[in-house]
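In listed order, ligands and their atoms are each counted from 1. Please read these numbers as outputs of a predicted model, since none were measured by experiment. Note that the numbering runs from 1 along the sequence shown for the chain.
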Amino acid sequence: MIQDIYPFKLHNEYLPRSPRQGDYLFAFAGNQIIVRPDETFFRYEDLAAYSSYTYLFEINSTGFFLIEEPEAAHVSLNIRQMRSFQPRHLGFAAVTAWQIYQWMNDNQYCGRCSYPMIRDKKERAMRCERCGNIVYPKISPAVIVAVINDKDQILVTKFAHSTYKNYALISGFAEIGETIEETVIREVREEAGLDVEHLHYYKCQPWSFSSTLLFGFFCRVRGSDAITMDETELKAARWADRDEEIDSLDDASLTSEMIACFRKGMVHFDEL
Ligand SMILES: [Zn+2]
């Protein structure tokens with residue numbers, strides 16, 4: 001998955017420092033990341049005369065900083081291209097940085113009193129100096145659900161309104177007042193008209209493209225496996241056999257890993 005960057009390790013403790021040689025500098029414009037003309041990332045030594053740097057995090061001992069769009073020659077890549085970027089730890093750094101950039105960009109003014117916010121110096125937070133409002137990065141919990149029926153088939157779906165065109169699994173954000181298990185049950189019922197039971201937590205994934213923390217669950221159908229698809233959310237929902245080639249596997253996402261687990265025979269209805 002995109003966050004699996006071993007032997008590299010993300011250090012997101014907020015211990016801001018000044019940039020030094022070898023550190024990476026990221027600039028963004030909307031959904032675009034600004035890179036060198038050869039499509040590699042800017043480093044401190046490329047832009048050492050630059051004015052202001054916002055500390056983001058470290059990977060191993062290399063620092064990552066946010067800067068404004070540089071004057072040096074550059075091109076831009078869509079942030080979605082970072083999903084398969086190599087080396088992977090830099091792609092992961094770029095999407096994680098983009099999440100922080102977006103959060104800062106969306107909180108330039110205080111939502112309580114509309115005064116301009118500042119970037120706090122002591123923690124990763126936006127602070128209003130007038131009313132004291134503090135805003136932390138937005139991380140929304142959501143679920144990815146692999147539903148298995150008694151014929152050992154998996155429920156696969158296609159989104160109705162998304163740039164992502166391949167098969168996916170049932171997914172959705174947690175709503176206010178519910179547990180993550182209740183989110184699983186509600187989303188499967190809403191999107192496919194199915195009841196599920198025997199929820200098994202698999203893994204989670206930080207998914208910065210949507211400021212989400214995804215919780216992956218396997219579960220089995222309870223009762224009928226006749227699908228009633230929510231056509232406002234999905235354009236396809238069907239059962240797939242274990243030996244079917246499913247065109248979503250790119251090893252970046254939790255969805256892909258869960259489908260791969262199913263296809264390798266690691267998940268069975270009777271064992272859920
Ligand atoms: Zn305020």
Between [Y] and [X], do the side chains contain a donor N or O and an acceptor N or O under 3.5 Å apart?
{"X": "Glu233", "Y": "His161", "result": "no"}
{"X": "Tyr24", "Y": "Arg43", "result": "yes"}
{"X": "Thr62", "Y": "Asn60", "result": "no"}

Worksheet item: Mind counting the protein N, O or S atoms sitting less than 2.8 Å from the Zn ion (ligand 1)?
Response: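 Those protein atoms number 4 in total.
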
Item to complete: Please step through ring-ring contact (aromatic ring centres under 6.0 Å, His included) for the pair Phe85 and Phe41, ending with a clear verdict.
Response: CA-CA 11 Å; Phe85 191 85; Phe41 297 119; 5.0 Å; yes

Discussion item. Parallel, tilted or perpendicular: which one describes the rings of Phe218 and Tyr202, with boundaries at 30° and 60°?
Written reply: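 Perpendicular, since the angle between the ring planes exceeds 60°.
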
Worksheet item: Can you list every pair that meets salt bridge (charged side-chain N to carboxylate O under 4.0 Å, His left out) and has a residue in residues 84-113, with sequence neighbours left out?
Response: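 Salt bridge (charged side-chain N to carboxylate O under 4.0 Å, His left out) check on residues 84-113 returns Arg88-Asp251.
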
